[in-house]
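Working notes, structure below.
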Amino acid sequence: MKGIIFDIKHYAIHDGPGIRQTIFMKGCPLGCWWCHNPESRSKEIISYTKEEKIDGQIVEKEETVGCQYTTDELMKIIEKDTVFFEESGGGVTFSGGEPLLQFDFLLEMLKTCKKRDINTCVDTTGFTDPEKLKAIAPYTDLFLFDLKHMDDKEHIEYTGVSNRKILDNLKMLDEMGKQVQIRYPLIPGMNDDESNLLRMLGFLNRLKHKYPVSILPYHKIGSHKYKRFGLEYKMNGTKEPDKEHVETIKKMFENAGFEVTVGG
Ligand code: SF4
């Protein structure tokens, strides 16, 4: 079995507990306006022409995004970092894109990691078939679960998909008693208004378990990639949130009893 991976990050410290290796799997069913990995969206391996300045001359170079790995090949890379996992309580995180788009490969990788006693996290949009989430749940130690907008119309506007399945899937994981960390991308002018935040707090408070929340402030890193992949960057004019604004929102979550971190 083979999977398509577009990046592997060693020694990651924001993608779950301890020191981790984060595997970025290709393909995403969403199209968030603020996405800083637009190269992740297509499920396929893609090539593009990159312009580079060398000795004052513009030179065109062909580059490829995505590489196929078998389960064995990827496990060999993961296992090179096991000493760091053991020392720090870390492990491997499958991210994307949306890792569940490559369900068979993901399931196989998770099962293999668990057989070798490696801690596993899955960073998911939640926009997936609930049966697939159920199937990977026994082999996933922690879900990093994105919550982008509570209003369905706005969710569709900014991401291209409805939030209904996402919210239902989060409720399902909650019912199952799985470990979850909520990831909230703070996007100024889109999902940081009081009304959305209060709805989010209300929804999270109605779950059976109280999950830690990670606030991910919007940043422009990756905006330059859009042109390269023939995509429109719709965030021109949106500023990165200042520290004060992030702190105000952090306080809102904390006052509602949530453990909050910023960044990731
Ligand atoms: S879910 Fe993540 S990877 Fe997919 S489009 Fe949105 S920001 Fe990008």
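Quick note: numbers below take in every heavy atom, side chains included, and nothing from hydrogens, waters or symmetry partners. Ligands are counted one by one from 1 in listed order, and the atoms in each one are counted from 1 as well.
The salt bridge (charged side-chain N to carboxylate O under 4.0 Å, His left out) with K9 is formed by just one residue from the set D123, D15, D81; it is D15.
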Practice item. Take L144 and V122 through the test side-chain contact (heavy atoms from CB on, under 4.5 Å) and record every step on the way to the result. Key: CA-CA 6 Å; L144 306 176; V122 173; over 6 Å; no

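Listed by chain and number, the protein N, O or S atoms at a distance under 2.8 Å from atom 6 (Fe) of ligand 1 are C32 SG.
Using a 30° and 60° split on the angle between ring planes, F24 and F6 fall in the tilted class, from 30° to 60°. Between F253 and Y184, the ring planes lie tilted relative to each other; the angle falls in the 30° to 60° range.
Of the protein's non-hydrogen atoms, the one nearest atom 3 (S) of ligand 1 is G97 N, 3.5 Å.
Near S40, meaning under 4.0 Å from any of its heavy atoms, are these atoms of ligand 1: 3 (S).
Between the side chains of T125 and E98, at least one donor-acceptor pair of N or O atoms lies under 3.5 Å.
Shortest non-hydrogen contact noted between N196 and N191 is ND2-O, 2.9 Å.
For Y158 and W33, the distance between ring centers is under 6.0 angstrom.
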